[in-house]
Number of protein chains: 2
Amino acid sequence: MSETREMIMAIARPMVQARGYNGLSFRELAKRIGIKNASIHYHFPTKGDLGAALARRYREDAEAILEGLWRESQDPAMCLRKYADGFRLALENENRMCLCGVMAAEYHDVPDAVKTEVQAFADSNISWLAKLLSAMDGFGDSAATKERALAIYAAIGGAQLAARSRADISVFDRIVESYRRAGLIPS
Amino acid sequence: MSETREMIMAIARPMVQARGYNGLSFRELAKRIGIKNASIHYHFPTKGDLGAALARRYREDAEAILEGLWRESQDPAMCLRKYADGFRLALENENRMCLCGVMAAEYHDVPDAVKTEVQAFADSNISWLAKLLSAMDGFGDSAATKERALAIYAAIGGAQLAARSRADISVFDRIVESYRRAGLIPS
DNA sequence: ACCTGAACACCGTTCAAGT
DNA sequence: ACCTGAACACCGTTCAAGT
């Protein structure tokens, strides 16, 4: 709808992925857009409103990408590789993190609306992973499949966090490769 | 040495584990101690100095606990369970996180001295894990052992992050159990 | 040696005022 | 409908001043 509103979100997202929800400054954000910081409050009454909108949009975008991946390839092993690549891409991009990963770490600081959206992102990811797993051999049991999808989601988030703290993307690759060798991520 | 300095660190640590480095307020910290916020700067010139001191102390404490665990039991499987329990304990404690895990998520916001300490914590944990693994069967090769130790460290951090974002400690248990079933964490 | 009050430039937020 | 300047209570930091 509003162009300014869209611009705020487009510029704020990578800022949060880099510096977190707490690290996002309305004044710096406004400066980059070319408006005054008070103007942001017209589009997003509070910082929490902006945070929740960013997380929702992030999930919607991720869902579109993941669904497209599966629809076009129908190849679970390849989808799992591409999934890890998505988290890798954030690190490649100036050592950024998954938006919902940073916000999860800031749990106590974000408003409830943000928490809800962060959980929705995780749910969405886990459902998609479970869908892949049940299309693979040896994952007939649906309860075990869900648990494994949850574990893969958590493990890849952990790989991103560990690699980020070392500012070394090869750490991410090594960890994910180790997950595969151990059998956590089927290949 | 200084009692006030020790009190600052003792009170600041759980605050950072709950709200992060960015979320820590000198004024709130000072209020809880019963001094003025300017006084904190006498003991820690900058927030970064306090953050680095907290991370170093955190690593030292963790090393003492882990070394004690291994020395007294010499049981790698039990040590691995106790290790995960340590991360679980933070969540039990009002949904807190590993100090170095939160600070890893705030990578771009913390000064270099803090980054160094956070990496030292990870190194220390991974070395200890590698020691356990090489004492177990089927982990003779030292290169693969190190990689596995790194993966276990990252995965448990990820489990903590995922469980925290849901404010549900059973999520942590389910993920760790899933790691065991998949064979990532030997048992 | 240790603490403090006051000031500085920051922060999110509010609101009356502008167009 | 959309933006702004000015004010508010916050923040880390500095520093001269106290004991």
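In what follows, chains carry the letters A, B, and so on, assigned in the order in which the sequence lines appear, proteins first and then strands, with residues in each chain numbered from 1.
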Closest nucleotide among [options] to the [X] side chain:
| X | options | result |
| --- | --- | --- |
| A/F26 | D/dT14, C/dT13, D/dT13 | C/dT13 |
| B/H41 | D/dG12, C/dC15, C/dT4 | D/dG12 |
| B/Y42 | C/dG5, C/dC2, C/dC11 | C/dC2 |

Upstream residue (5' side of DNA chain C) when A/N22 and B/R27 are each assigned their closest nucleotide: B/R27
Could you check A/E28 against B/T4 and say which one's nearest nucleotide on DNA chain C is further toward the 5' end? B/T4
Base, sugar-phosphate, or nothing for [X], non-hydrogen atoms under 4.0 angstrom?
| X | answer |
| --- | --- |
| A/S39 | base |
| B/I40 | nothing |
| B/L24 | sugar-phosphate |

So, are [X] and [Y] salt-bridged, with charged N and O less than 4.0 Å apart?
| X | Y | answer |
| --- | --- | --- |
| A/E117 | A/R57 | no |
| A/R13 | A/D61 | yes |
| B/K131 | B/E67 | yes |

Counter-base of C/dC3, judged by Watson-Crick or G-U geometry with both distances under 3.5 Å: none
Between A/H43 and B/K47, which is nearer to the 5' end of DNA chain D once each is assigned its nearest nucleotide? A/H43
Specify whether B/F26 and B/H41 have parallel, tilted or perpendicular ring planes, treating 30° as the upper limit for parallel and 60° as the lower limit for perpendicular. tilted
